[in-house]
Amino acid sequence: MAQTSCPFLLMDHDQPSTHSDPHRQLQMARSMCWHCQSEVTGEYFCERCVKVQPVSKETDYFTCLGSPRRLTLDPKKLEAKFYELSRTFHPDFYQTKSTEEQTISLSNAAVLNTAYRTLRDPIQRAEYLLALETGSVKDIRTSPPADLFEEILELQDTLEEYRASDRGSDQSHRIRVTLQTEEEALERRKEEMESQLRRLFADWDKLQDAGEVTSAARAERDRILKQMRDLLSHRTYINNIINDLAATIN
Amino acid sequence: MLKRVSNEAAESDGPEAYCFCTLRGAKRPRTKFETLFSIFDMARIVGIDLGTTNSLIAYMKEGQLCIVPDRNGRTMVPSVVAVTDNGLIVGDSAKEHLTRNPERTVYSVKRFMGKGLADVQDELGYFPYHLTETGGVIRIRLGQKSYSPPQISAMILKELKLRAEAYLSESITKAVITVPAYFNDSQRQATKDAGLIAGLEVLRIINEPTAASLAYGLQKNTQGTIAVYDFGGGTFDISILKLKDGIFEVLATNGDTHLGGDDVDRVLVDLFVAEIRVREGIDISGYPDYIQAVRLEAERAKIRLSDDLKTEITIELPEDKRFTRELTRDQLESLSMSVIERTLIPCRMALKDAGLTQKDIDEVVLVGGSTRMPLVRQRVEALFEKPPHCHLNPDEVVALGAAVQADILSGGTTDMLLLDVTPLSLGIETMGGVMSSLIRRNTTIPASAKEMFTTYVDGQTGVDIHILQGERELVKDNRSLARFRLKMPPLPAGVPRIEVTFLIDANGILNVTATDMRTGQSQSIEVKPSYGLSDTEVERMIEDSFKFAAEDIGARKLIEARLDAESLIKATDKSLTEAGHLVVHEETDAIRTALSQLSTAKDGTDPRAIRARMVELEQAAMHLNVVMLDDSLKKGLQGKKVSEVS
């Protein structure tokens, strides 16, 4: 096999562009129709020539799925909107249309699918919101919680010991029991973090719903985002360890 | 084979200049005439089930589904092609040539679609016809000529097309063709090629189990969460779907494109051949015609045992000898148990990926001829803890579903929509031979991912991109789909910014586009499809991805640690050269010692040791770095006024 010179990836790609304006509305609503050049007043279609319009690159996933920037979303509502928009954009319904419309339908459907996949999962949703609000999701390093650092190092050693041990031996069995206990403890810790996250999500939503722009509100916003970032980072770290553990002992 | 796609043809009146490039050949932009034509073109779109063993063609008219029968009322066309002295024949009449003319009669060609010779090495012995490879694609030698699998498939498609044209008295040019859900990009592309060769515009490639769900949804008004267990002649698929208000959302899919009823037949063939050798003293493995006779009798016996508890096997042998034996259902079941057990592994994985348990499945639907085996039904019932059902003919339901999808595309059916997923993760090769996933398996399609590429050497004019499909961590364990070279403007390292969009369309086929972010110009891409890895390996990849997950993670850790160590060594070397004279000898000596220890660790295989040596080196060089920083600050400040600095 030929040697490939490896592509150098820029790590800051795929960043949703961030705007400080919290009242940003549908971007496509004010643009020009690609087909008849008239101003597009409809949501997804030009009202004059009835051609589908591309979803703007500036449209964030919340806007795309017609949802406020909240962290607790009704999954049924989200799904209903996703289904509705799928019926609007899916390439199946553009088979008899022009090549341009087919291209737009394809890329709109791809954006819609990504948006739904991201917002459907509470953790991905929070990470995405954090990126939108602070503009740097890639800065979230997965780091261990400070108080667990020692414990995790020890756990890694035990894990290595288990991997090296002779399966079926008493020693191996003993280590496995230890690891299982550790796994359960970490699971509990993860659940704790998740319930903390849920409380933060509720705080965030309350702040959003109040819609105040006082300095106190701003400070509260920063507090929530900071805590959320740390928690998400720790949770991912713990989660990775749990997966590693599960893959080894099961 | 290189295919060049130019973006010059992209229409200027489009919203943006798009340049689509599938991995095999270009998606030609339609001419104005074609676009105009298509608006008024209400030509019928047919649905085709291009099966390993049998193929069918169906259509939908005014809400009624219909499979096109032949003169004798048979709906299935055996997927068999024979080259005779009188020309090509396909279907039932070709089937007779399997024993008469085995070297020139092709069956189960679907197993070779989108594959290289190395992919099917293990089963070459089972096929009486001669296989070679050219340009990464299998060729089948029939008489004087060689045919690629898409060409053979095209002959079957053409037969179906002719049958429909005769039955409907109209010309058929557009079709939806089904493929196993677990087909990869190359296999899908090969199927599309077959359609093209047969003179059909393939409007959509649709997955077999999801097609079946469309037929069930339409005819039985099924709702809720369903599992479609599709066990055919050569492939196995499991798909889990949520059916709600006309939306068919696939939650997860899994399968094995090399597992089917053929494998059960082979177990029987091996048994009979061995018994004939012992009992009659004849080794028939060198006689393709007798082997075919054994295979066909094995298949018939298997089918009979779905209804009967025992059956009589009769095989005519050379020298007027004859082999007979009784075969009971119990015997068949113990022989085929391991094949059937293999289908349950993908089922469990699909459930896991969908985040569901057996109890969440409302209904289990059986598709494919092999689900007629009572043992299959028992095992499926045991796994899902509910009796599966098969109200629709398992041989016909896929073709019916393809016809439903065809009707959706032609605008007839508007209340049903299928949201399918990509079965395998898609990614690119990154540093150290690791695959970086861009689109995860079970992502709803169409799906896209964007990556920004730049250069890391001044004046570099290209970056090689290697596209992969599979679930393993390392490049070598995944299926190589294609390679292409991204052209870069000759600028300082890191300045060019080329955005590459990977888009999996509604057919599950990958399209690649590139745009220079500095100029907004889209770039032409030459994509070189590769068939480097075997598909049996791809299958293994998925199974192995679970078995070897831990091993993979370990390998990845080592690669990452080595890369990090390398950059630390480089940086420290640089510091030593630039600022080594600013610190005492003892210090530089300590750094050099730590450097060489890290180098040694890097050549080892323990990522933890590498990390530990890295920490030591960092500590040893900490003071040097501080001194160096101070020094450069001092230099920067020289000749400046205090007011300029603050």
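None of these values were measured; they are calculated from a predicted model. Basis for what follows: all heavy atoms, side chains included, without hydrogens, waters or symmetry-related copies. Lettering follows sequence order; numbering is per chain, from 1.
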Side chain from CB out, backbone as N, CA, C, O: work out which of these in [X] comes under 4.5 Å of a heavy atom of chain A, or both, or neither.
| X | answer |
| --- | --- |
| M488(B) | neither |
| T501(B) | neither |
| I504(B) | neither |
| E499(B) | neither |

*State the OG1-CG distance between T158(A) and L155(A), to the nearest 0.5 angstrom.*
5.5 Å
Non-hydrogen atoms of [X] and [Y] that approach each other most closely:
| X | Y | value |
| --- | --- | --- |
| R440(B) | T443(B) | O-OG1, 2.6 Å |
| L106(A) | P91(A) | CD1-CG, 3.8 Å |
| T455(B) | A493(B) | OG1-CA, 3.5 Å |
| Q53(A) | M32(A) | OE1-O, 4.1 Å |

*Go through the atoms of E101(A) and report whether side chain, backbone, both or neither lie under 4.5 Å from a heavy atom of chain B.*
neither
*Quick one: what part of D92(A) sits under 4.5 Å from any heavy atom of chain B, side chain, backbone, both or neither?*
both
*asked:* When you measure from the side chain of T515(B) to the backbone of G520(B), do you find a donor-acceptor pair of N or O atoms at a distance under 3.5 Å?
replied: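 Checked: no pair found.
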*Between Y128(A) and Y61(A), is there a donor-acceptor pair closer than 3.5 Å when you use the side chain of the first and the backbone of the second?*
yes
*So, are R608(B) and D157(A) salt-bridged, with charged N and O less than 4.0 Å apart?*
yes
_Can you list the residues of residues 114-121 of chain A that sit under 4.5 Å from chain B, counting heavy atoms only?_
T114(A), Y116(A), R117(A), R120(A)
*Looking at residues at least two apart in the chain, or sitting in another chain, which of them share a side-chain hydrogen bond (donor to acceptor under 3.5 Å, both in side chains) with R348(B)?*
none
